[in-house]
There are 2 protein chains.
Amino acid sequence: MVTKNQIKLIKSLHQKKYRKEHQLFIAEGVKVIGELLKSSLVLEHIYCTEALNFEVSSSMVSLVSKDDMKKMSALTTNSNCLAVFHCAKEEEVDYNDIVVALDNIRDPGNLGTIIRLCDWFGIRHIICTSETVDVYNPKVVQATMGSMVRVNLVYGDLEQMIKNAADVPVYGTFMDGDSIYKQEFVNKGIIVMGNEANGISKTIESLVTQKIAIPRFGSLQQTESLNVAMAASIVINEFRRINF
Amino acid sequence: MVTKNQIKLIKSLHQKKYRKEHQLFIAEGVKVIGELLKSSLVLEHIYCTEALNFEVSSSMVSLVSKDDMKKMSALTTNSNCLAVFHCAKEEEVDYNDIVVALDNIRDPGNLGTIIRLCDWFGIRHIICTSETVDVYNPKVVQATMGSMVRVNLVYGDLEQMIKNAADVPVYGTFMDGDSIYKQEFVNKGIIVMGNEANGISKTIESLVTQKIAIPRFGSLQQTESLNVAMAASIVINEFRRINF
């Protein structure tokens, strides 16, 4: 059972404003919920349209109708379960490792992909402008496939965060940057990834200490740009390969 | 003006079956259409909801109502223009360069991203199983941002195509493969990318001569896998960096 008020609350969590107010977010589907349950995240409640086996107290699980699920779900194709979790606290960023900085990434799929990528390459911290898409956006939660629990995202004044990091090299990709193949990367630094349409903003560009570029091949040279998640994959891989 | 029969034809092009039958496909939005017009693709017609400036004979452009555009469009957010182009002929594959092989990639966004990536890195040929998502799928056309015209996709019996290539190394990513950082890559070979859920099929795996892996970092090591487009970015970059 789910009350009208609960449905109303859950629907409100589709919006950032209410996620922030309630410090709650939703996750859908057995796989994603299962991954989040393995983490330190605190579960509020699970709603299912059929009996499912989750390793939680039965008082935390309610059966609901498909109609009610449809009202609560943020996905176009409804799942058979939806969970409400408490948002994690932002941790302090450790600038003695590689930190990824996101300058207004707007696409939930891109953010989700970048989080999975950071998780794969053992990058723990991502710092973001306040305008960057929210990690608790339902589409981001789905796209991260659970890896959001292993990466710490901190939102705020990106300029100030980078300035506070002091003495750390700040890398940014630009068309006129130096080839990534010619860099002497170290295991420390901030890698800035820019907005999908506008790239890195002027304010953040002024803080970049090393402009880098992914070489473009082929005779035609007409490709405008790589998608930001692909560029992040290539650049982060270059940082990690120095350990080999 | 657009007739009911034209709308019917254009709507039918949302489906692979009819694109194949008519050898036509649709592209939407000023940017994408503009890119395709610069290529050798043959334009059939452009439909716009407002006067737009394309460098084509005015007889090739028709003004249509927003309602008619809505009927023709394959996108959820309709654009102000839609063009119908003739499909390009598949070219012969040149195995003296790097060729990407797609073993049942199903997601249009992933295929679009891989095409952009190949274009960036100067890879001209992609060979695909017949089950791989169609390059002329409207979502793929949008995701490639025009780079589909510079990459040749050949669909068919992937096993046979790889066998025909003879003497060429065949690379595939597997969890138990050898680290990409320890490879002596050459400027020749087939790079196989597998299906999003199931990876590389057994039949194609038996043709792989070099199993490779993207090292995973971090102490937790819980990330299941990288998205196929990210994995492709990292692997293709490793092949191209040997030229530097």
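Predicted, not measured: the structure shown is a model, and the values here were computed from it. Letters A, B, ... are given to chains in the order of the sequence lines, protein chains preceding strands, and every chain is numbered from 1.
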For the student: nearest non-hydrogen atoms of A/Tyr181 and B/Arg241, plus distance: CE2-CB, 3.3 Å
Exceeds 12 heavy-atom contacts within 6.0 angstrom, atom [atom1] of [X]:
| X | atom1 | result |
| --- | --- | --- |
| B/Lys211 | NZ | yes |
| A/Glu55 | CD | no |
| A/Lys66 | NZ | no |
| A/Lys70 | NZ | no |
| B/Asn53 | CG | no |

Contact list for residues 95-116 of chain B, test ring pair (Phe, Tyr, Trp, His ring centres under 6.0 Å), sequence neighbours left out: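 Output for this query is empty, none listed.
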If you tally heavy-atom pairs under 4.5 Å against chain B, which of A/Ile180, A/Ile123, A/Asn227 wins? A/Asn227
The reported gap from CG in B/Asp119 to CG in A/Leu226 (rounded to nearest 0.5 angstrom) is 9.5 Å
Strictly by salt bridge (charged side-chain N to carboxylate O under 4.0 Å, His left out), give each pair with a member in residues 72-89 of chain B just once, sequence neighbours left out.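 For residues 72-89 of chain B, and leaving out neighbouring residues, there are no salt bridge (charged side-chain N to carboxylate O under 4.0 Å, His left out) pairs at all.
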Pair listing, salt bridge (charged side-chain N to carboxylate O under 4.0 Å, His left out) test, anchored in residues 131-143 of chain A, at least two apart: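 Listed by first then second residue: A/Arg19-A/Asp134.
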Minimum side-chain heavy-atom gap B/Ile214-A/Phe121 below 4.5 Å: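 In contact.
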Which residues in residues 228-237 of chain A have a heavy atom less than 4.5 Å from any heavy atom of chain B? A/Met230, A/Ser233, A/Ile234, A/Asn237
